[in-house]
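Below is one structure, written out as structure tokens; the observations come after it.
Numbered from 1 within each chain, the chains take letters A, B, ... in sequence-line order. None of the values given here were measured: they were computed from a predicted structure.
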Amino acid sequence: MFAWSLRDVLRRPGEALLVAAALAALALVLGVSLLLPGAVRATAARLLEAGPALVVRRVDAAGLAPLPESESLAVVRGVRGVLTARGRVFGSVGGPGGPVTVIGVDAAEAAGLGIDAPSRGDAWVGAGVADELAGALVLRGVDGRIVEPAPTPRRLPGTVAGTAAGFVLHRAVLVDRDVARELLGLPPDHVCDLALEVRHPEEAAAMVPDLTAALPFSVVVETRADAVGRVAATTARRGSLAALASLPAALALAVLIVAAARDRAGRRGEVALLKSLGWTTADVLRLHCARAAWIAVPALALGAACAWALVLWPGVRWPGIWFFGWTGSPPPLTLDPDGAALVLIEVVGLIGAPWLVAVLWPALRAATADPGELLAEDGPA
Amino acid sequence: MSLRADGVRFVRRDSRGDERPVLDGIDVCFEPGELALVSGPSGVGKSTLLHLLAGLVRPTAGTVWAGEEPVSRFVAAHRDRWRRQVGIAFQSPHLLGELTVLENLLVPLLPRRIALAEQRRRAREVLARVGAEPLAGRVATELSGGERQRVGLARALVGEPRYLLVDEPTAHQDDAAAAVVIQALAHARDGGAVVVCAAHDPRLIGAAAVDRHHELAAGRLTPCSTR
């Protein structure tokens, strides 16, 4: 029966191909709109989970302000529950192909990445910056000053690029801390913020008032959960743009379903003929199921695979450009295996199930009617 | 087992809801090993009688019996299974246009779990019996009216039915082809099948192979002759 159903599909190869192409296109659009926000959210969450438990930023009337490093660290290390604290120097400056993130790293941070600490006249660059370099690295600081931190910067090794840190460092330049301060216009011994690790991460939120009270200037303290939520909200907003693409897809699915149902309803005479030749209702439904499977399974698999490749294939540029504004070759997005499986099930369920119903319902109705009446309706053949 | 109509009445309802009686109190019994002919003018209800006997429609009143089984009162699933014992050739053969003749003949055998080689052997055998073996590889839409009719008969025969119901089998046939068709019907009859043939072709009405002849007129069946 299964082999025969393929022969049956090939009775109208053009029609079968058209339906398969429509189903594949729907699976592609729906798959992308479901995979993309999930992949961005999962990737961002993975990064932030690797980030500090608390981030302390100084604010004044003009907005964010640098913190005096030694003084601030001494204060926060005295707050009960703080395990480690370090100042961070980073910010956005003009790079060879657009804005880059300049990060001042000390020996400990460099060791954490498995690289040598850059000294003055030396720099490491992420893959996104390295791809845009055509000679020496030249950066434009916040005050418009042109700085050439390294005549021959080194590209961050692949061992870093594959990690969560590597994702962040894609469009980054790692330099000596003092060089970074000069580029960012920070006074000596000042940092952009403080990154804190705490003894009990679940109590990080409870420490916020203590930290705010201990420091002699106004600060905002962000917990890891706050950061994850902020990024999730941003990606959800952009993800909803991607989801808009699924609206015409839903309309197209409705049209396809109506067309399939009308087509099957138009073939009631064929079902009646099968019944008059000794086929049972179950035989008829088996044939229609198998026929639907020959078209839908490869089409949905192809559409879902293309959606996966379009979002998660290494080297795919558009999600990075759309979500993060990257211009170079971005690192890959990631998605939990469970997440990808769920999306595939969703795609199959959202498209395959209604389509199967549209195909089977008219066949069931025809198969349960009196064949003689339907054959009379169908006329001579 | 015999095929019997017991007080069968059939009223057709058209799209406007008007009712038209087609058959009105049919009482007849067709025995195994018998070739029965039902004749009558066009539109008198011969095809409807065959459809009723095949379990394709339900009578408005009365019962169709296969042996001791009330076929017309079976639930749908039971009737579907019983119908595998029936071979029916329609006046319009209803061949599946995009398939070859051989493939059309395989259609009744597909749900029966018969090996494909055996299916093909049977199909070729019945095609030879109706003189249509050279047509095996042709697509159904390319056939002439007479050829389609013979292929329709072959499709009815391929399942080796216990009840063979045939509607105007000699229509569009020349004399030689009509003789082959009548011979095929006689072969089925000789194999022990109940063969009921609806026709108004004089070549069939006068055929020696016909065992019993009924005339259908005004919704009633009247015996004409018995050999």
Side-chain angles (χ1 to χ4, degrees), chain A residues 1-19 263-291 293-295 363-381, chain B residues 10 12-15 47-59 72 75-100 103-113 116 119 139-141 145 148 152 155-156 158-159 161 165:
Chain A
M1 180 74 80
F2 198 61
W4 177 263
S5 65
L6 177 60
R7 176 69 186 91
D8 204 46
V9 167
L10 295 177
R11 283 168 60 195
R12 298 178 178 94
E15 180 191 306
L17 205 63
L18 205 62
V19 172
D263 174 56
R264 288 300 183 278
R267 292 198 212 166
R268 282 151 46 104
E270 197 174 298
V271 172
L273 176 67
L274 296 178
K275 293 290 297 277
S276 70
L277 296 177
W279 288 50
T280 62
T281 300
D283 293 330
V284 170
L285 290 183
R286 262 198 294 276
L287 174 72
H288 279 80
C289 264
R291 194 157 60 178
W294 278 115
I295 295 174
L364 179 66
R365 286 190 60 190
T368 49
D370 271 340
E373 300 290 336
L374 295 180
L375 282 169
E377 275 178 27
D378 201 33
Chain B
F10 186 76
R12 192 177 297 287
R13 187 184 296 240
D14 65 21
S15 55
S47 301
T48 303
L49 177 62
L50 291 188
H51 286 188
L52 283 161
L53 292 172
L56 299 181
V57 287
R58 289 177 191 271
S72 58
V75 293
H78 195 174
R79 206 154 47 115
D80 285 352
R81 280 195 297 276
W82 174 80
R83 216 182 280 121
R84 288 198 178 162
Q85 302 175 40
V86 178
I88 184 163
F90 300 100
Q91 188 172 359
S92 304
H94 293 290
L95 301 179
L96 295 171
E98 301 86 350
L99 300 183
T100 64
E103 287 169 334
N104 264 286
L105 261 67
L106 298 182
V107 171
L109 303 178
L110 285 169
R112 301 191 191 191
R113 300 184 192 284
L116 186 62
Q119 290 180 19
V139 176
T141 46
R148 293 164 70 81
R155 190 179 58 189
V158 76
L165 308 169

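Residue with the most contacts toward chain B among Thr368(A), Asp283(A), Leu287(A): Asp283(A) (heavy-atom pairs, distance under 4.5 Å). When Ala77(B), Pro108(B), Gly55(B), Gly97(B) are compared by the number of non-hydrogen pairs under 4.5 Å with chain A, Pro108(B) comes out ahead.
Residues Arg7(A) and Glu98(B) come closest through the heavy atom pair NH2-O, 3.5 Å.
Arg286(A) CZ to Leu110(B) CG: the interatomic distance, rounded to the nearest 0.5 Å, is 11.5 Å. Once rounded to the nearest 0.5 Å, the distance linking CG of Asp80(B) with CG of Leu274(A) reads 11.5 Å.
Residue contact with chain A, scored on non-hydrogen atoms closer than 4.5 Å, is absent for Gln91(B). Both the backbone and the side chain of Leu99(B) come within less than 4.5 Å of a heavy atom in chain A. When heavy atoms are compared at a cutoff of 4.5 Å, Leu10(A) does not approach chain B at all.
In Arg365(A), the CZ atom is not crowded: 12 or fewer heavy atoms of neighbouring residues, nucleotides or ligands sit closer than 6.0 Å.
Residues Asp370(A) and Arg79(B) meet the side-chain proximity criterion, which asks for heavy atoms closer than 4.5 Å. The shortest side-chain heavy-atom distance between Arg83(B) and Thr280(A) does not fall under the 4.5 Å cut-off.
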Assess the residue pair Leu273(A) and Arg155(B) against the criterion (side-chain contact (heavy atoms from CB on, under 4.5 Å)); give the C-alpha distance rounded to whole Å, side-chain angles, the decisive distance to 0.1 Å, and a yes or no.
CA-CA 12 Å; Leu273(A) 176 67; Arg155(B) 190 179 58 189; 3.7 Å; yes

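In terms of the side-chain hydrogen bond (donor to acceptor under 3.5 Å, both in side chains) criterion, Ser276(A) has no residue partners (sequence neighbours excluded). When the salt bridge (Lys or Arg N to Asp or Glu O under 4.0 Å) test is applied to Arg81(B), no partner is found at least two apart in sequence or on another chain.
A donor-acceptor pair under 3.5 Å is formed between the side chain of Trp279(A) and the backbone N or O of Val107(B).
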